[in-house]
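Notes follow once the structure below has been shown.
Every chain is numbered from 1 and lettered A, B, ... according to where its sequence line falls, protein lines coming before strand lines. Computation of the quantities below employed the complete heavy-atom set of this structure, encompassing side-chain atoms and omitting hydrogens, waters and symmetry-equivalent molecules.
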Protein chains: 2
Amino acid sequence: MTDTRQKLIETTKELLWERGYEAMSPNLVLERSGIGKGSMYHHFKGKKALASAAIQARSEELIAEFDAEFDIDLPLMDRFERYLCKPRDGLKGCRLGRLVSDISVTEDELRQPISALFTHAEQAFVQALQVAHARGEIELKADADALAATLVASIQGAFILSRAHSDPGYMDKVAQGAMQCLKASVVLR
Amino acid sequence: MTDTRQKLIETTKELLWERGYEAMSPNLVLERSGIGKGSMYHHFKGKKALASAAIQARSEELIAEFDAEFDIDLPLMDRFERYLCKPRDGLKGCRLGRLVSDISVTEDELRQPISALFTHAEQAFVQALQVAHARGEIELKADADALAATLVASIQGAFILSRAHSDPGYMDKVAQGAMQCLKASVVLR
DNA sequence: GTCTATACACCGATAGAC
DNA sequence: GTCTATCGGTGTATAGAC
């Protein structure tokens, strides 16, 4: 059934988030989903194919989520604040970003959908800044490309700090810092 | 010999950097170092103890490295620039930061030396900003704590983006962005 | 399509000779 | 202290009945 396939993907998404690629095993997926081994290998060639489908699905999901939150009719700075300061569970890590530490992900082409998500966010930020600038609404004290990458990086780094210190409060702390930096770098006219 | 012990730690540091904790195995350490299994288990109780020693050593090393680069007699902004823009191999990831994605690291107390490194850097940044502020050398447009955390997070995030895009150029891009943000947030008087 | 049984490699760890 | 041999467990994958 396509239902079985979907359940395998959902369970794999969960486990990749919790444990990353290396520490996630097909056996765990089967145990948690209650699906049998034969079913899994009927739908997917192996662990890598299963993870690939899950990562692809997660990427599409997060891109849609991003658009719903950022690509919206609000003043520029409100859009950034909405994105930067939205609630995130720092201790769990980024659903996709956490995976790039796994050697099997960066070596294979499993990283492609992760790259796509970050590219999407960066481009949306650059676009928003450039449009506002072209309209004469803002003056930029920083390069739009570099600023966009830095904002995305800040959030990813916030997850790292949260997990390192085992303190979810770092998400807000960094979000505040990033927001203050952004306000200092973008002069409204 | 204490030499064997040291070689085990050095090899483990390398492998933790390359593969993280989950994907690093004692067998790999032994193979690469040419040391026998019995030796390893003579010096260390097990994989976790070996990794713990390696992480502890790496943390001390990176703290010393940080001090040599940042805690230095230069103008404030030069010190930040020195730290933010120093050459880093983005594709390899942060020698310690990359480990917090591993569930075994964050669950156990292996994360303690990693937390210590980040705390050290954050406090040094806060200290530097506060001293300069107290001396009336700068005016701060952002909270020092939040700014410090954001700078550290940016670098960690830059590693994530570099690996996700498989593009080492993101290290410089984010460093530039962070530097511009910093300059916009810290007004020299 | 789904299940159980099984194969085979590797993992972390131990035993015991030297 | 160091080595080799080996253990029990688990990971990924396959076989083959239903």
Just grab all the salt bridge (charged side-chain N to carboxylate O under 4.0 Å, His left out) pairs involving residues 160-184 of chain A, residues at least two apart or on different chains. K173(A)-D145(B)
Report, as a single string ordered 5' to 3', how protein heavy atoms within less than 4.0 Å touch nucleotides 12-18 of chain C: B base, S sugar-phosphate only, - not at all. BBB----
Salt-bridge criterion met for R111(A) and E109(A) (N-O under 4.0 Å): yes
To the nearest angstrom, how far is R5(B) atom CZ from dT2(D) atom P? 12 Å
Quick one: is S39(B) getting a side-chain N or O under 4.0 Å of the dG1(D) phosphate, OP1 or OP2? no
Please state how far atom NE2 in H42(A) lies from atom P in dT14(D), giving the value in whole angstrom units. 15 Å
Over how many whole Å does the gap from I35(A) atom CD1 to dT4(C) atom P extend? 12 Å
Under the ring pair (Phe, Tyr, Trp, His ring centres under 6.0 Å) rule, what pairs show up with a residue in residues 164-189 of chain A, not counting sequence neighbours? H165(A)-Y170(A)
note: E31(A), atom CD; dT4(C), atom P; distance rounded to Å ~ 14 Å
Rounded interatomic separation in angstrom, taking CG from L28(B) and P from dA9(C): 17 Å
For residues 8-20 of chain A, the salt bridge (charged side-chain N to carboxylate O under 4.0 Å, His left out) pairs (sequence neighbours left out) are E10(A)-K13(A), K13(A)-E61(A), E14(A)-R32(A), E18(A)-R32(A)
Scan for side-chain hydrogen bond (donor to acceptor under 3.5 Å, both in side chains) pairs involving residues 70-93 of chain A, sequence neighbours excluded, and state none if there are none. E65(A)-K86(A), E69(A)-K86(A)
Taking transitive links into account, so neighbours of neighbours count too, which hydrophobic residues share a cluster with I72(A) at under 4.5 Å side-chain distance? L74(A)
Tell me whether the OP1 or OP2 atom of dT2(C) has a side-chain N or O from H43(A) closer than 4.0 Å. yes
